[in-house]
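Encoded as structure tokens, the structure appears first; notes follow it.
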Amino acid sequence: MKTATITSSSPLSQLQLLLLLRRQTDVRTIANHYASQLHLCFPHNPLSYSLARTIHAQMITSGFKPRGHILNRLMDVYCKSGNLVYARQLFDEIPQPDIVGRTTLIAAYSDAGDPKQAREIFDHTPLSIRDTVSYNAMITGYSHNDDGHNAVKIFGEMMADQFKPDNFTFTSVLSASTRIVDDERQCQQLHCAVVKSGTESVVSVLNALVTLYVKCASLLSTSSMDAARKVFDGMPERDELTWTTMITGYVRNDDLDSARKIFDGMTDKLDVAWNAMISGYVHHGCISEALELFKRMKEDGIQYDEFTYTSVLSACANSGLFKHGKEVHGNIIRTEVKPASKLPLAVNNALITLYWKNNEVDQAREIFDKMLERDLVSWNAILSGYVNVQRIEDAKELFNKMPERNPLTWTVMIAGFAQNGFGEEGLKLFNQMRMEGFEPCDYAFAGAITACAGLGSLENGRQLHAQLIRFGFDSSLSAGNALVTMYARCGIVEAAHLVFRTMPYVDSVSWNAMIAALGQHGHGAQVVELFERMLQEEILPDRITFLTVLSACSHAGLVEEGCRYFESMNQIYGITPGEDHYARLIDLLCRAGKISEAKGVIETMPFVPGAPVWEALLAGCRIHGNEELGIEAAERLFELTPQHSGTYVLLANMYASMGRWNDVAKVRKVMRDRGVKKEPGCSWIEVANKVHVFMVGDTLHPEVQEVYSFLEELGVKMRELGYVPDTKYVLQDVGDEQKEYVLSTHSEKLAVGFGLLKLPRGATVRVLKNLRICGDCHKAFKFMSKVVEREIVVRDGKRFHHFKDGECSCGNYW
DNA sequence: ATAGGGTTAG
């Protein structure tokens, strides 16, 4: 159609043109002809290029030399259709191109991402013919090529050369500055220039100025937001863009109230503004406000889009509102015409997270599998799903299959290993991550440090701590929290405390970690002290705080305090005690010998007692030899979790502590008969371990003496039966002297276990519960099994290591 | 001008 228009509206027919060309008389008529022909080439129209080539060819055959605006027009068409080379050829044929032609080519080179060429042409343009437009082209060019510094530099030259900037100049230079701003003074200087130039009522300029101040505020969190507000308030009219910029500015400055005021001040609220406000609430954890807006958005007749959905879905996923999240999902499916698999990528990614957080990994996987396109976020989302439900094998498989990875991928995986008792693999992955050139972030460090905590590997932990400081993450919250735990688990509460004290920011997780650290080391009084300080500093305790405090009270025999804290949970802090809390309370009462009270609690509990509660009762009965109740608890446990070997061990423990070895044997037989998977050869060691664990927490209890003598007896029994004492089983050497000996490393543990390290008589031995097998340990065990010709089985979290004749096989218990 | 994936504490 365009071609038809062109031919019919041609001022000269082909015949006329040919005649004119042959005679070569009327150059002006020919020029006019070409001008009007070129006028029909719309720069961005794809047909224009071939038309321009035809016209150009005619010019050449007719010997017509284009100049002036005909030349510029032709260059423009070539540039806009992506044929810069032809444009440049034309340009080079002209002895003295004018400023319009130069500017055309400058803009074209900039658009093509070649600001160097643009700069060359500009530099060869004499100052006398430069104009504002050519400077603007340079500034815009640098700005679009993400080179803010040069854009600002050219602007400076322009000012120095006394050229007058216009609103285009400022819009460009301001947006270029936005990318490089690191000082409020830069904003103010530009602001002054705007006022001086008289463009301070042009909306696009003011908008760019607001954006600049807002960016400055988000970087430096200074008073720049106020400056932005002043410009904003003084604007003669505002477009939606400016409003939204202000909203996100306040959101990034954590000033949600001001953001909301701006939002409420908008008369015609664009969906983008709604989305910005909602996501602002979500990022600050104000879920109810976000959902409230989400609801009102619909009432106001604003269409949801994918941005709205993703924000809201992630809000639901992160706050446990799965039901609501699924309703939204249903809504999306109903209202969007597309099939579910064709939902926008980000929406599907948010859905994956929603489902796995609701323990529906398989549904999450289904969404993942059905997606027509996936990106790294999708892979990372499903990967964390598997990691978080402890399906570590699936996670591994996925990890190996991933088309690409980023630091986050590694972080998720490292944490997954660390949390599931595969500390060594976690550390290995951390190293591999670095070898493959990925910069670890503080979360990755936190994961690796947690791995060390699980392994009880102080050496690695310290190294990571040093690296952490070198990387500049020493003020990281999550890494700091992990360090507190690592040092505590490795036996150095003082170091844990030091980290805690020197952390610039702490949160409830840090407090919980520190309280737990003290609790694990039996410092009951200090636990209470720290907890009270936490309350004074108005940090709200959460359910984990109470779990920690309750078990610390239990270990330290602080019955009254424990009960009081339990009461306060609901009454003061509005936290409904869960089953875990009840189990801890029962444990607390049982250890203090208040078994009937514990029974009373079980009877009046607001829900049916489950395994953790009965287990606490059974453990209590074991200590106090309450056989009748102990058996009842064990029976309940056999009903609830018949395949859980812990119950059998606990029951055996109870009989063991009464010296009833025949009954212990009976329990072992029942366990075998029922096909309960037991740790090969380890049941007896478990008995010893349980007693030992009891010892670790209860060194202050009067029963300690009894335990000592029992252990001696048990040790003899074990040897008689041909079992190798576990490395933890070293207590028979301990006498009455009040000297404490903390085994914090594997090598120490090993040395003691094999009698290589003689403990002073009378030392109290504390082996940290969470010490696990590290590489060195492994080697030592292998060596020992070869030299001493013994079979050694060692438990390491959920895994076992079986050493025989210097060979080792490893696996999972369950 | 707005969106989606992670971490630490028992």
Side-chain angles (χ1 to χ4, degrees), chain A residues 207 210-211 214 239-249 251 270-280 282-283 304-315 317-318 343-354 356-357 374-385 387-388 406-416 418-419 441-450 453 476-486 488 500 503 506-517 519-520 541-552 578 580-581 583-584:
Chain A
N207 183 23
V210 169
T211 312
V214 163
D239 58 9
E240 291 128 340
L241 216 128
T242 326
W243 288 94
T244 318
T245 307
M246 285 301 288
I247 293 173
T248 45
V251 165
L270 195 75
D271 52 356
V272 179
W274 287 88
N275 291 344
M277 198 63 228
I278 290 174
S279 86
V282 173
H283 284 301
Y304 296 147
D305 64 6
E306 48 186 290
F307 287 83
T308 332
Y309 285 134
T310 39
S311 289
V312 167
L313 285 172
S314 110
N318 294 330
L343 288 179
L345 188 56
V347 174
N348 269 327
N349 291 342
L351 281 171
I352 292 175
T353 307
L354 178 79
W356 76 248
K357 286 209 170 161
R374 303 179 193 102
D375 63 2
L376 193 50
V377 178
S378 335
W379 284 90
N380 285 340
I382 190 69
L383 184 71
S384 9
V387 162
N388 276 279
N406 67 358
L408 202 142
T409 321
W410 293 86
T411 308
V412 169
M413 211 49 205
I414 292 167
Q419 286 160 5
C441 63
D442 59 335
Y443 289 148
F445 271 104
I449 292 168
T450 304
S476 155
L477 184 63
S478 48
N481 292 342
L483 279 173
V484 170
T485 307
M486 186 276 290
F500 179 72
M503 278 168 73
V506 288
D507 63 359
S508 67
V509 176
S510 328
W511 285 90
N512 292 348
M514 195 58 226
I515 291 173
Q520 280 156 4
D542 56 19
R543 22 181 314 280
I544 290 169
T545 318
F546 281 106
L547 283 179
T548 312
V549 170
L550 284 173
S551 47
D580 304 352
H581 295 99
R584 294 262 196 314

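Chain letters run A, B, ... following the sequence lines, proteins first and then strands; every chain starts at 1.
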Quick one: label Val272(A) by what it contacts on the DNA or RNA (base, sugar-phosphate, nothing), any heavy atom closer than 4.0 Å.
base
With sequence neighbours left out, the residues meeting ring pair (Phe, Tyr, Trp, His ring centres under 6.0 Å) with Phe500(A) are Trp511(A)
Ring pair (Phe, Tyr, Trp, His ring centres under 6.0 Å) filter on Phe546(A), not counting sequence neighbours, yields Phe531(A), Tyr573(A)
Next on the checklist: Taking any heavy-atom pair under 4.0 Å as a contact, classify Asp375(A): base, sugar-phosphate, or nothing.
Outcome noted: base
Heavy-atom nearest pair, Ala479(A) first then Ile449(A), reads O-CD1, 4.3 Å
(message) Within the 4.0 Å heavy-atom criterion, would you say Thr411(A) contacts the bases, only the backbone, or no part of the nucleic acid?
(response) base
Look at all strands and tell whether Leu270(A) reaches a base, only sugar-phosphate, or nothing, counting heavy atoms closer than 4.0 Å. base
Open item on the list: What's Asn406(A) touching, base or sugar-phosphate or nothing? Going by heavy atoms closer than 4.0 Å.
Closed with: base
Outermost contacting nts on DNA chain B, any atom under 4.0 Å from chain A heavy atoms, listed 5' then 3', are dA1(B) to dG10(B)
*Base, sugar-phosphate alone, or nothing: which one does Leu376(A) contact when heavy atoms must sit under 4.0 Å apart?*
base
field: Sugar-phosphate only, base, or nothing, as touched by Leu345(A) at under 4.0 Å among non-hydrogen atoms
entry: base
> Looking across every strand, which nucleic acid part, if any, lies under 4.0 Å from Asp580(A) by heavy atom: base, sugar-phosphate, or nothing?
Replying inline: base
- Query: How would you label the contact of Ala346(A) with the nucleic acid (heavy atoms, under 4.0 Å): base, sugar-phosphate, or nothing?
  - Reply: base
With sequence neighbours left out, the residues meeting side-chain hydrogen bond (donor to acceptor under 3.5 Å, both in side chains) with Asp239(A) are Thr242(A)
Contact class for His283(A) vs. all strands (heavy atom < 4.0 Å): base, sugar-phosphate, or nothing?
sugar-phosphate
With sequence neighbours left out, the residues meeting side-chain hydrogen bond (donor to acceptor under 3.5 Å, both in side chains) with Ser378(A) are Asn349(A), Asp375(A)
Residues at least two apart in sequence or cross-chain that pass side-chain hydrogen bond (donor to acceptor under 3.5 Å, both in side chains) with Thr244(A), listed by chain then number, are none
Checklist line | Validation row: Lys357(A), Asn318(A) side chains within 4.5 angstrom (heavy atoms) | finding: yes
>> Under 4.0 Å, counting only non-hydrogen atoms across every strand here, what does Thr450(A) touch: a base, just sugar-phosphate, or nothing?
In response: sugar-phosphate
inquiry  = Categorize Trp356(A) for me: base, sugar-phosphate, or nothing, with a 4.0 angstrom heavy-atom threshold over every strand shown.
reply    = sugar-phosphate
